[in-house]
Amino acid sequence: MVIDLSPLYNFPSQFDRLFEGMWSPFLISQRSLAYPPLNLSETDDRIYARLEIPGLEIGEIDLTLTDASLVIKGERKPIKGKYYRQERPTGHFQRVINLHAPISRDAVTARMRDGLLEIVIPKAEESKPKKISIKAS
Amino acid sequence: MTHVEQRTEETRLPRFKPATDIIETESGFVIYLDMPGVAKDDLVIDLNEDEIKISGKTSYPAPAEEKLGHVEFGNGEYSRAFTLSQIVDKDKIKATLKNGVLELTLPKAEKAVPRKIEIRSE
């Protein structure tokens, strides 16, 4: 009698892999259906938002800054022609970034390079961490 | 041993097939590939007989002092190959990379371009 347990032999390593995979940045957070993909990071005095928007000029992207959020809007225009294959998304897109810290609105900069939009949002003075020295008397 | 192999696999960059549009025009084909983050110097296009292979690596700098808050993309390697039809004129293939989109223009060979035949009446 032969009992075939072969699918189970790999089980522990596949399990390990699942856990290891969870730590890669690709699976760690919301690689969601939202378009365009967004990375957010921050330093003590700045917030960085990076989005992959290939094929658009910076002038075609509409950035709206309100008190608590930054809205990125745009449209990927379809090309007219006889398609053999169409995989690139087209149409309007919008993403909203909620800002949790007060920012200095006038100093926000955005630039586009190789399809990557980088928005630098400086934090307002009052939200920067400050060291308070306490003098013992 | 299998574990060692897995580790090396994981340290490699994730590979993607770039999203692609293929459009036929009167004079040939145009292929558009979304390759955000790939600089011109990191893009490799190999033409080998009937196969054209496109690959490129993104080079996002690792944010050293920044604290990552939300991550949806990272560095990766794009790779995709296409088989060319006989009617493509391989000497006239043009490639343009603009704003993260690679545009490949594949003109049809002269004899394959549709032509109107005029009928003369005598």
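Throughout, a chain's letter reflects where its sequence line sits, starting with A, and its residues are numbered from 1.
- Contacts between B/Thr25 and chain A at a heavy-atom distance below 4.5 Å are absent for every atom of the residue.
- Salt-bridge formation is not detected for the pair B/Glu26/A/Lys82: no Lys NZ or Arg NE/NH1/NH2 atom is positioned less than 4.0 Å from an Asp or Glu carboxylate oxygen.
- Contact count against chain B (heavy-atom pairs under 4.5 Å) is highest for A/Arg50 among A/Lys80, A/Arg113, A/Met112, A/Arg50.
- Heavy atoms of A/Leu51 lying under 4.5 Å from chain B belong exclusively to its backbone.
- Look at B/Glu24 and A/Arg85 and you find no salt bridge, because none of the NZ, NE, NH1 or NH2 atoms lies under 4.0 Å from a carboxylate O.
- Scored by the ring pair (Phe, Tyr, Trp, His ring centres under 6.0 Å) test, B/Tyr60 finds B/Phe73 as partners (sequence neighbours excluded).
- Ion pairing of A/Asp45 with A/Lys123 is absent here, as no side-chain N (NZ or NE/NH1/NH2) approaches a carboxylate O to less than 4.0 Å.
- Contacts with chain A (heavy atom to heavy atom, under 4.5 Å) involve these residues of residues 97-106 of chain B, listed by number: B/Lys98, B/Asn99, B/Gly100, B/Val101.
- We find that B/Asp34 and A/Arg76 are joined by a salt bridge, their nearest charged nitrogen and carboxylate oxygen being less than 4.0 Å apart.
- Remark: B/Glu77 engages B/Arg15 in a salt bridge, criterion side-chain N to carboxylate O under 4.0 Å.
- Looking at A/Ile58, neither its backbone nor its side chain comes within 4.5 Å of chain B, counting heavy atoms on both sides.
- Proximity of a side-chain donor or acceptor of A/Glu42 to a complementary backbone N or O of A/Ile47 within less than 3.5 Å is not detected.
- With a 6.0 Å radius and a threshold of 12 heavy atoms from other residues, nucleotides or ligands, A/Arg46 has its CZ atom at or below the threshold.
- Both the backbone and the side chain of A/Tyr83 come within contact range of chain B, with heavy atoms under 4.5 Å apart.
- Atom NZ of B/Lys90 is surrounded by more than 12 heavy atoms from other residues, nucleotides or ligands within 6.0 Å.
- When the candidates B/Leu68, B/Val30, B/Ile22 are compared by the number of heavy-atom contacts under 4.5 Å with chain A, B/Ile22 comes out ahead.
- Of the atoms belonging to B/Tyr32, heavy atoms from both backbone and side chain fall under 4.5 Å from chain A.
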